[in-house]
Amino acid sequence: MKKTAKAFANIAFIKYWGKTDPKTRVPRNNSISMNLSDTYTITTAEFDSKLKGDDIAFIGENVVREKERNRVVNALSKIRREMKTKLFAKVRTKNNFPKATGIASSASGFASLAVAAFGALDYQLKEKELSIFCRTLSGTACRSVPSGFVEWTKGDNADNSYAYTLFPANYWDICDVIAIVTTKMKKVSSTDGHALADTSPLYETRLQGMDEKIRKIKIAMKSKNFTLFGNILETEALNMHAICLTSTPPVLYWQPTTIEIMQKIIQWRENSEVESFFTIDAGPTVHVICQGKDARILKQRLSKIKGVEKVTINKPTIGAHLINNHLF
Ligand code: PMV
């Protein structure tokens with residue numbers, strides 16, 4: 001049986017940075033994110049007794065590292081163990097955005113792979129179990145499983161660290177206007193970045209403040225206080241990058257255009273032209289968070305900045321799910 005799934009990438013307002021256990025990907029702190037309507041992966045999977053090995057292709061990608069292919073094979077092996085089958089799979093997967101540039105491609109990639117592969121074996125996990133399973137494939141993938149605005153609780157062991165919906169997708173009309181500044185893959189993967197977090201002298205202080213930060217941003221979200229919400233998420237992004245910059249060796253994910261955009265966002269806000277806030281994941285891409293009414297004007301402004309390659313508007317959206325349009 002062939003099944004196809006669609007999963008959206010997500011943007012973290014409070015970031016996951018550092019793992020308690022690199023193997024099971026239990027994080028050091030809770031994180032909060034939103035699924036992104038215009039940034040997704042579609043994956044089709046089919047298990048077939050005629051196959052002598054997994055047959056995997058990344059549609060539209062010029063560069064596929066051996067490591068990436070191995071991660072997909074490992075994910076399929078985990079699914080095989082879970083489902084007690086020895087069958088190999090044909091998998092085709094396609095992103096509608098450049099991977100490894102600071103948009104969570106592993107989140108949408110692994111969430112769509114899990115939903116398609118379990119579906120192809122005629123098995124449907126409950127949302128919590130699916131989120132836990134996806135976390136073991138790629139941490140942020142667990143947040144692409146539930147709908148809308150999501151919290152990933154760190155839990156205290158591998159069986160109770162999962163993501164769930166805080167508010168549905170239609171709860172709040174805010175947008176992530178994504179400004180891609182390069183389509184080249186970053187040099188330091190987030191897996192390597194996570195592993196370095198502990199080497200930063202600032203990391204313990206960051207961790208001590210996380211519960212309070214989570215509490216405050218939830219209050220801002222509950223009351224839809226956009227200014228408070230924006231200030232918290234922007235400060236949080238800088239805090240995460242402060243850890244990267246002070247790790248040994250240091251990790252600098254930004255490009256000159258990244259900084260140019262950050263300065264513009266602050267300037268437009270200070271001049272009361274348009275109120276928006278930036279956040280940045282492990283890459284040079286800038287995610288500009290704004291109210292729905294300001295998304296188009298921000299897209300126009302960001303598109304004019306030299307070095308910006310592409311701008312997309314993303315609304316909050318639903319979680320990973322099966323669709324009928326197969327890739328083969
Ligand atoms: O799932 P990973 O290993 O790609 O983690 C990336 C974490 C950040 O994107 C930098 C922050 C986050 O919470 O999404």
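Residue numbers count from 1 along this sequence. Counting starts at 1 for both ligands and their atoms, in listed order. Basis for what follows: all heavy atoms, side chains included, without hydrogens, waters or symmetry-related copies.
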Sorted by chain and number, the residues that approach ligand 1 to under 4.0 Å with a heavy atom
Ala12, Lys15, Tyr16, Trp17, Ser106, Ser138, Gly139, Thr140, Arg143, Ser190, His194, Met240, Asp281, Ala282

Checking Ile174 against Ile289 for the side chain to side chain contact (heavy atoms under 4.5 Å, CB included) test, could you report, in this order, the C-alpha distance in whole Å, the side-chain angles of both residues, the deciding distance, and whether it holds?
CA-CA 7 Å; Ile174 63 169; Ile289 310 299; 4.3 Å; yes

Check whether Trp17 forms a cation-pi arrangement with Arg206 (NZ or CZ under 6.0 Å from the six-membered ring centre, at most 45° off the ring normal).
no

Are Asp198 and Arg28 side-chain neighbours, meaning at least one heavy-atom pair lies under 4.5 Å?
yes

Looking at Glu61 and Lys94, does any basic side-chain N land under 4.0 Å from a carboxylate oxygen?
no

When you compare the side chains of Thr312 and Asn314, does any donor N or O come within less than 3.5 Å of an acceptor on the partner?
yes

Would a 4.5 Å heavy-atom cut-off, applied to side chains only, mark Asn35 and Ile318 as touching?
no

